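The model shown is predicted, which means the values in this text are computed figures rather than measured ones.
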Amino acid sequence: EDGSSAVRSLSFGGHPFLSNSSRNRAMEVTNELRWYAGNNKHALKLMTNIRHEQFTVDQGANLYGSFSFNSLADLELGRPASFGRVLFAPKQEGSQVTGAMSFGDFWRPTPSVQIQYGLRVDGNHFLSAPDLNPGIESKFGVRNDQVPNRVYVSPRFGFTWIYGTAQQISFMPGAARPPRALIQGGIGLFQNMSASSLISGAVNNTGLPGSTQQVSCVGPAAPVPDWSGYRANPDAIPTQCADGSGGTVFSNSTPSISLFDPAYRQSRAWRTNLNWGGPVVDNRFAFGASVLYSLNLNQPGSVDINLNRDVRFTLGNEAGRPIYANPGAIDPRTGAVASRDTRVTTDFLRVNESRSDLRSDARQLVLTLRPVTANPKLKWTAMYQLLALRDRYRGFSSTTGDPFSLQWGQSQQAGRHTFGFGFESFPIFDVVYVSWSVSATSGQRYTPSIAGDVNGDGGYGNDRAYIFDPATTTDAAVSAGMQSLLARGSSGTRACLKAQLGKLASRGSCSSPWTM
């Protein structure tokens, strides 16, 4: 009623996670052995570690079901777009043993040069695994009882070089003269080892009796809600779709499956950095510069291998966006898409295969400046950081076309630019010491997206929006809505949308304002 064009999500009713509980238990033993050479040029270190971890999760989300509505008007009329309910969620349990061994050497060939190098080996073994569902193997040629038990090797190398002598401080002749500068750098492979709960989804979603059971009702199959009846008797909450919809494409009670790709590896990263630090301006200030590059490999993602990739039709007024559902599987009243129509086999709903073929890279520059002083009231630090992130993503997370396709794009990051300034331990009568800092960070990247599933790829809310041009679209309501948004939206949003009129939105194409 205030004339704003904002669209927000509204949730009401029982909290979906009130009945959740989790418990984690771990025992770890670590041993470290050091050996120093007689000439102090080598310091060898051997480290071993073993850890046992166990988890228990009692998942109670959506056990009472939830309705979704496209608008307040539909809510008032009792006209839901969909209804879903988890009928049974078993307790999740699992455990794993992880171990690591590393050997390294800290070598000082000269007093001003120090070199570190070493090798680390990590391994894990899950002590539990999902039960085999033969139907998955027969339909898709993959087993659902495989878990990622692996051994990983990580080499590391680094150095420190202290060189030269700084200029004498003009106002303090005879004072100690620090080195001209210190240079540090290194490169290494860093391995991530996930918690034992990594396999919880696969353990619970096998499609066998005793695994998670649910019901999904779309469009005409969604029951008409009876709020007062549910409040008086929770047993009246539907456990099936509306009468007469059973067996139709809009009604579904088949299970979803989670499994691991046989080639799944836990994430790792090659990181290299180079740092320079030293006094400047006649030793009045200490200046530091650091550059870092990280290539992040084996990043996790998932693919619904039960999605039929055949394009049924395209949307000509949205730059040919492909749709994977037949027109008869789309409810014309709400636009809800029946996922069952897009399946390779209707024996299952989603078959989510966890893969590790994504990657990203990060480039970072950090500059720092602080005064060299004994005055505690002048101990401040100024900082600037520049961060650039790119990642390789799949359409199942952001799509305008084939959900299976792999693309490189700008990451949805916050803080490409960051400025900081602060005082450390500022004395007040030498009784109270105050640290104070302020920072300004550029806005987070985000993507104009559609709330809901439009392309029919299985209910994923991953569709990037088509930015309709109000001057050319023939739909009066769409034209009026876009004109209102372009007139009333924030300056950043308006600029982002105007640059993409008549196009499918690019990933990470918009940016929120700076934050302090």
Side-chain angles (χ1 to χ4, degrees), residues 8-22 57-92 200-201 204-258 304 306 325 329-331 333-343 346-352 451-453 456 458-461:
R8 297 182 175 90
S9 296
L10 170 67
S11 299
F12 67 93
H15 194 286
F17 301 109
L18 283 180
S19 57
N20 282 10
S21 65
S22 63
V57 177
D58 197 352
Q59 185 87 16
N62 205 29
L63 289 176
Y64 289 103
S66 57
F67 292 89
S68 70
F69 300 84
N70 282 352
S71 65
L72 294 176
D74 282 355
L75 172 63
E76 187 175 10
L77 294 172
R79 190 167 61 189
S82 64
F83 170 77
R85 184 179 182 185
V86 174
L87 303 177
F88 174 70
K91 182 182 294 186
Q92 304 175 14
S200 61
N204 266 29
N205 295 281
T206 63
L208 297 170
S211 65
T212 302
Q213 306 295 323
Q214 58 192 358
V215 62
S216 174
C217 315
V218 174
V224 176
D226 178 11
W227 308 118
S228 58
Y230 303 155
R231 180 182 300 145
N233 179 20
D235 291 337
I237 299 174
T239 58
Q240 58 186 13
C241 297
D243 289 343
S245 64
T248 68
V249 71
F250 295 102
S251 173
N252 186 78
S253 59
T254 55
S256 291
I257 311 296
S258 294
D304 184 0
N306 197 27
I330 302 173
D331 178 23
R333 186 187 53 167
T334 64
V337 183
S339 300
R340 183 176 180 180
D341 183 64
T342 65
R343 305 295 88 193
T346 56
D347 293 343
F348 310 104
L349 190 56
R350 295 182 184 176
V351 179
N352 295 317
D453 180 23
Y460 295 94

Is the side chain of Asp304 donor-acceptor paired with the backbone N or O of Val351 at a distance under 3.5 Å, no angle test?
yes
Identify, with sequence neighbours excluded, every residue that meets salt bridge (charged side-chain N to carboxylate O under 4.0 Å, His left out) alongside Arg340.
none
Cut-off 3.5 Å, no hydrogens considered: what does the side-chain donor-acceptor table look like for residues 212-219, sequence neighbours left out?
| residue | atom | partner | partner atom | Å |
| --- | --- | --- | --- | --- |
| Thr212 | OG1 | Asn204 | O | 3.4 |
| Gln213 | NE2 | Ser211 | O | 3.1 |
| Gln214 | NE2 | Ser256 | OG | 3.2 |

Residues forming a salt bridge (charged side-chain N to carboxylate O under 4.0 Å, His left out) with Asp453, sequence neighbours excluded:
none
At what distance, to the nearest 0.5 angstrom, does CZ of Arg85 lie from CG of Leu63?
7.5 Å
By side chain to side chain donor-acceptor pair (under 3.5 Å) - contacts of Ser82 (at least two apart)
Ser68
Closest non-hydrogen atoms of Pro80 and Ala222, given as atom of the first, atom of the second and distance, are CG-CB, 3.8 Å
Using side chain to side chain donor-acceptor pair (under 3.5 Å) as the criterion, list what pairs up with Ser251, not counting sequence neighbours.
none
Considering all heavy atoms, the nearest Ala81-Asn70 contact
CB-OD1, 3.7 Å
So which atom in Phe250 and which in Pro220 form the shortest heavy-atom distance, rounded to 0.1 Å?
CD1-CG, 3.8 Å
Please check this pair: side chain of Asn352 against backbone of Ser258, looking for a donor-acceptor N/O pair closer than 3.5 Å.
no
Nearest non-hydrogen partners of Gly456 and Thr342, listed with the distance:
O-CG2, 3.0 Å
With Asn252, which residues qualify under side chain to side chain donor-acceptor pair (under 3.5 Å), at least two apart?
Thr254
So, using side chain to side chain donor-acceptor pair (under 3.5 Å) as the criterion, who are the partners of Arg79 when residues are at least two apart?
Asp74
Separation of Ile257 CD1 from Leu208 CG (nearest 0.5 Å):
7.5 Å
Name each donor-acceptor pair under 3.5 Å that joins a side chain in residues 230-242 to protein atoms two or more places apart or in another chain, with its distance.
| residue | atom | partner | partner atom | Å |
| --- | --- | --- | --- | --- |
| Tyr230 | OH | Asp226 | N | 3.4 |
| Asn233 | OD1 | Asp235 | N | 3.1 |

Which heavy-atom pair separates Leu349 from Ser339 by the least distance, and what is that distance?
CD1-CB, 4.1 Å
Taking side chain to side chain contact (heavy atoms under 4.5 Å, CB included) as the test, write out the residues that go with Leu72, two or more places apart.
Leu10, Leu75
Applying ring pair (Phe, Tyr, Trp, His ring centres under 6.0 Å) to Phe83 and not counting sequence neighbours gives Phe67
Pairs involving residues 236-248, ordered by first then second residue, that meet salt bridge (charged side-chain N to carboxylate O under 4.0 Å, His left out) (sequence neighbours left out):
none
Listed partners of Arg350 passing salt bridge (charged side-chain N to carboxylate O under 4.0 Å, His left out), at least two apart:
none
Mind listing the closest non-hydrogen atom pair of Pro255 and Asp347 along with its distance?
CD-O, 3.9 Å
